[in-house]
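Structure record follows, encoded as structure tokens.
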Amino acid sequence: MKDIQQLTTMLKTLEDQMTVCMHCGLCQSVCPLYTQTLNEADVARGKICLLGGLSSRMLDDVQGVKDRLDHCLMCGSCAANCPSGVNALEIFLKARVILTAYQGLSPARKMILRGALAHPRLFDRILELGAKSQSLFSQPASELLGTSCSEVMSPFIGKRHFTPLADVPFHKRCGSMDTPVGASGLKAAFYYGCLTDKIYPNIGDAVLKALRHHGVGVWMPIEQACCGIPALSSGDISSFKKLVRANLKAFGSRGFDALVTPCATCTSTIREFWPMFAAEFSDDEAADIRTLAAKTIDISAFLVNSGLISDNAKLSAGAATMTYHDPCHLKKSLKISVQPRRLLQSSPSCRFVEMNAADSCCGSGGSFNLLHYETSAAIGMRKRDNIVASGAATVTTSCPACMMQMTDMLSRRKDAVTVRHVIEVYAADLV
Amino acid sequence: MISKTLIREFETLLGAENVKTQEADCMAYAYDAAVLPPVMPSIVLRPSDSDALGKTIRLCNDNRLPVTVRGAGTNLSGGTIPSLGGVVLLTTGMNRILEINEADLYAVVQPGVVTAKFAAAVQAKGLFYPPDPGSQAVSTIAGNVAENAGGLRGLKYGVTKDYVMGMDFFDANGDLIKNGSKTVKCVTGFNLAGLMTASEGCFGVFNRIILKLVPPPAAQKAMMAVYDSEAGASQTVSDIISNKIVPCTLEILDNFTIRAVEDFAHAGLPTDAASLLLIEVDGHPAQVAEEAEKVETICRKNGCTRFQAAQSAEERNKVWEARRAALSALARLRPTTVLEDATVPRSQIPHMVRAINEVARKYSLTIGTFGHAGDGNLHPTILTDKRDKAEWLRVEKAIDDIFDAALSLGGTLSGEHGIGIAKSKYLAGEIGASSIEYCRKIKKAVDPNNILNPGKVLLS
Ligand SMILES: Cc1cc2nc3c(=O)[nH]c(=O)nc-3n(C[C@H](O)[C@H](O)[C@H](O)COP(=O)(O)OP(=O)(O)OC[C@H]3O[C@@H](n4cnc5c(N)ncnc54)[C@H](O)[C@@H]3O)c2cc1C
Ligand code: SF4
Ligand code: SF4
């Protein structure tokens, strides 16, 4: 697609959604990026007007618009607070697909997304190689946080304090799993997601332990693939479709009550973005997508909503003070914020304290962090300041990507605060 | 076209990151919250201190570049839609609160301070800055002053102009003009700060603003009264005032808005009610109790079918939830939302409500009306789709009729949203040709090259 006329025709398909925006500008108050840069092109109103300008040919700089559209955390804070109900994330994702179809993927992104991510096995192997060699390049920066940064790799990774790859990925250690339904009468499919698999296998263990404890049968096929969000947010619809299909194949035919995940981003991608793009698939696939999406649920929400955490579980006053960071993709996209706190409050070791602005974005934004590290870190430092001010010894959350970001920020400031997933805390206290 | 040399000069002055000339950056400043077509500027400048601000203006004047100064860009009248190929000058980068003086009850702020952040900082010191426009989470103090913004507390506490004690601003030459003082009284020279209030970027660019602060009320009470006739609600409004009670807030929602809010927020509102009044009195606890009692009596006397007084902070929040949800609830119904603010003397509210309903019927349009009944400032909100050409023509006619009605009732075109581009063609109808001529003369004297927001308010 190289004809600008064709591009504007494609953009017109978004017009119904874009006209809902009344240009009130109220999204400025919640956009973590705008707060940092004060650039109107960074906030939802600006991005929507840029797309409008392109579609009405007020400007022709497609790459310019694409760059600004890509400069976004995809946190959904704008949409969650929009008085007019503009579905900004849907507009952004669809526009990215359209603009990418027009401009083409950059070679580097193409290599990663088409070459590796869309071929789950290959991706696994590349990362395994990385796990074996990373100790050569990196040294421990902060034992407490388990991150490592590396002088050697710094031209590539900048100043990041990377969370190292696990020696053996979770799926490889566990293999596919199918356990019978227990006391709960429930069966859950377990979708662990890339970061749990490759970086935080402990989270996977914790989920399995909690499900076992509550008598939930688990079905975990290791043929599952990435949820597709890196591809989709790069506008690479064809890799996205490959990944969705791989997952449909892995999970499609079995009966289970819920598809449980410990990753806020995977949860919201499967629940919200897969159905958003259902029209790209066959009718049968679209029906499977909708069924799967409706069953997809965050692990804390699953445990609480299914009544597995008893209502009179004593509110714990444990020894370790912990606070909780709301991942945008759970709270803003799926309105889940109570359940993870319930889990913490019913963990005997935990004494829960709220931090200020618990639901403000950590600045990770997936690949945003890779491409715009300094801005991402500036937003992340605000989160770090709030974590430290809460006085908690541990910050918990429900998303491995947020964990990486917070670990990086805390480690850079040498803070004695550990970062854990809510389910790790909860499962560790189970006997 | 702006020359490369001049762009470089701006870059040296402001830093390259504060000078934007790419189309895709300029497009993001081509509009504001008014329903008007965008216009592309050719450069966007963001000074971060006074010195740079003054020099920027001087450079623009020397080069005869039209300058539109912009805060958050939330005004509803096109006041920040730039001239084609002109300059957008952002004062959002100058956003420091310079002083909050608790002994002398004033604050000094830079122009780009966000209203709600300022109000919160003032509250943290145990003081109160009352003007609270619905956009306060993002609007800037300079934008509030340049539009003389109002809000929910106008009835008792007044509007932005009642809090401007003085200011420094740059004239079109980039010279700093000082006016007003930190003292309660000040008659040193003309009241230029008064002239600057509601100046919509046409007379000068604010650099520092001195604002009055007041002690906060010790107590408040929120109440809700439901009516099955519009007349009962309107009579209540007049009776409250004529009983010498000045609530801090006195808001009305019409039936259409009530239904929209209920559909949207499920606040438990009676959808068959004709009108809803939301009332808050504040002050000393004893006075609050007494006034609340009187308000209840007046509401009941005028036939309210349900009366509710908030007993806790939570209940108070609930009462205001309905009002806060009004715009959201309406905006979701149709793609385009036109928020008007024609204002009448408060005794004329019933006539104005009737006139608006008549306009809606005449042009077959959906109009939800809510607003500041106590101020006579209604917000008839036209719900439409600007892509539907035929309907849009009817909307334009309806707006004409709404203004005619307001003027014939002794009212005014705009209570708080300003004139900008959107209402400039109606101005002569209200103030007359000689008044416009007088304003043009002032404009010509203070801005001989007509660089400051040309074409706004007075037409060209
Ligand atoms: C959802 C919503 C609710 C609203 N509710 C209210 C309300 O309740 N009451 C109300 O009164 N208004 C309301 N408004 C209108 C608007 O928010 C106000 O007019 C506000 O004061 C504008 O502030 P701003 O910073 O966005 O200014 P802008 O829109 O950026 O600018 C407004 C005017 O100020 C001028 N200006 C900006 N900065 C300077 C400066 N440094 N020096 C000189 N001139 C300057 C501009 O040139 C322009 O003419 C609402 C708007 C929206 C979208
Ligand atoms: S996206 Fe929503 S909040 Fe932002 S300008 Fe548009 S309508 Fe307003
Ligand atoms: S998704 Fe987040 S970063 Fe992107 S425009 Fe919305 S609020 Fe800003």
Side-chain angles (χ1 to χ4, degrees), chain A residues 12 14-31 34-71 77-78 80-87 99 374-375, chain B residues 17-18 20 22-40 44 46 48 70-76 80 88 90 92-93 95 112 114 116-117 134-140 143 264 324-339 385-387:
Chain A
K12 290 255 188 301
L14 300 178
E15 199 184 81
D16 278 345
Q17 281 173 297
M18 297 206 302
T19 43
V20 177
C21 170
M22 55 179 174
H23 302 178
C24 68
L26 294 187
C27 39
Q28 289 172 359
S29 71
V30 292
C31 175
Y34 179 83
T35 312
Q36 194 60 40
T37 66
L38 298 181
N39 286 334
E40 175 90 22
D42 284 336
V43 77
R45 174 171 75 163
K47 291 180 160 73
I48 290 170
C49 289
L50 283 178
L51 290 169
L54 203 54
S55 128
S56 66
R57 301 286 303 276
M58 235 182 106
L59 78 171
D60 280 343
D61 180 7
V62 183
Q63 189 60 42
V65 173
K66 186 173 182 306
D67 290 344
R68 282 153 191 83
L69 195 65
D70 287 346
H71 199 244
S77 305
C78 46
N81 290 282
C82 172
S84 203
V86 172
N87 193 339
L99 295 187
E374 290 309 322
T375 312
Chain B
E17 71 283 7
N18 291 317
K20 296 185 194 294
Q22 287 185 25
E23 243 190 350
D25 286 319
C26 292
M27 180 74 215
Y29 298 95
Y31 53 79
D32 52 32
V35 189
L36 287 170
V39 177
M40 186 79 102
V44 179
R46 183 169 60 202
S48 35
R70 179 179 172 111
T74 66
N75 76 87
L76 292 156
T80 45
V88 169
L90 297 171
T92 47
N95 54 9
V114 170
K117 287 194 181 146
S135 53
Q136 60 173 332
V138 295
S139 71
T140 64
F264 170 64
R324 276 195 299 268
L327 182 60
S328 300
L330 292 172
R332 279 159 204 253
L333 298 179
R334 295 289 303 278
T336 310
T337 307
V338 183
L339 187 62
D385 185 342
K386 64 178 179 227
R387 294 169 299 176

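Chain letters run A, B, ... following the sequence lines, proteins first, then strands; residues in each count from 1. Heavy atoms only: backbone and side chains are in, while hydrogens, waters and symmetry mates are out.
For the atom pair B:Leu76 CG and A:Cys24 SG, the distance stands at 9.0 Å (nearest 0.5 Å). Going from atom CE of A:Met22 over to atom CZ of B:Arg332 covers 8.5 Å, rounded to the nearest 0.5 Å.
A heavy-atom distance below 4.5 Å is not found between the side chains of A:Pro83 and B:Leu327. Residues A:Asn39 and B:Asp25 have side chains not in contact (no heavy-atom distance under 4.5 Å, counting atoms from C-beta outward).
Looking only at heavy-atom pairs under 4.5 Å with chain A, the residue among B:Met27, B:Glu17, B:Lys117, B:Met40 that has the most is B:Met27. Per-residue heavy-atom pair counts under 4.5 Å with chain B were compared for A:Arg45, A:Met18, A:His23, and the maximum is reached by A:Arg45. Ranked by heavy-atom pairs under 4.5 Å with chain B, the list A:Asp60, A:Leu59, A:Leu50, A:Asp61 is led by A:Leu59.
At a 4.5 Å heavy-atom cutoff, the contact between B:Asn95 and chain A is made by side-chain atoms alone. Using a 4.5 Å cut-off between heavy atoms, B:Thr74 contacts chain A through both its backbone and its side chain. Contacts between B:Arg70 and chain A at a heavy-atom distance below 4.5 Å involve the side chain alone, from C-beta outward. Heavy-atom distances place the backbone of A:Cys82, and not its side chain, under 4.5 Å from chain B. Only the backbone of B:Val39 comes within contact range of chain A, with heavy atoms under 4.5 Å apart. Using a 4.5 Å cut-off between heavy atoms, B:Arg334 makes no contact with chain A at all.
Although no hydrogens or angles enter the test, the distance criterion places a donor-acceptor pair under 3.5 Å between the side chain of B:Tyr29 and the main chain of A:Glu40. Between the side chain of B:Gln22 and the backbone N or O of A:Gly64 there is no donor-acceptor pair closer than 3.5 Å.
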Would B:Arg387 and A:Asp16 satisfy salt bridge (charged side-chain N to carboxylate O under 4.0 Å, His left out), going step by step from the backbone distance to the final call? CA-CA 10 Å; B:Arg387 294 169 299 176; A:Asp16 278 345; 2.9 Å; yes

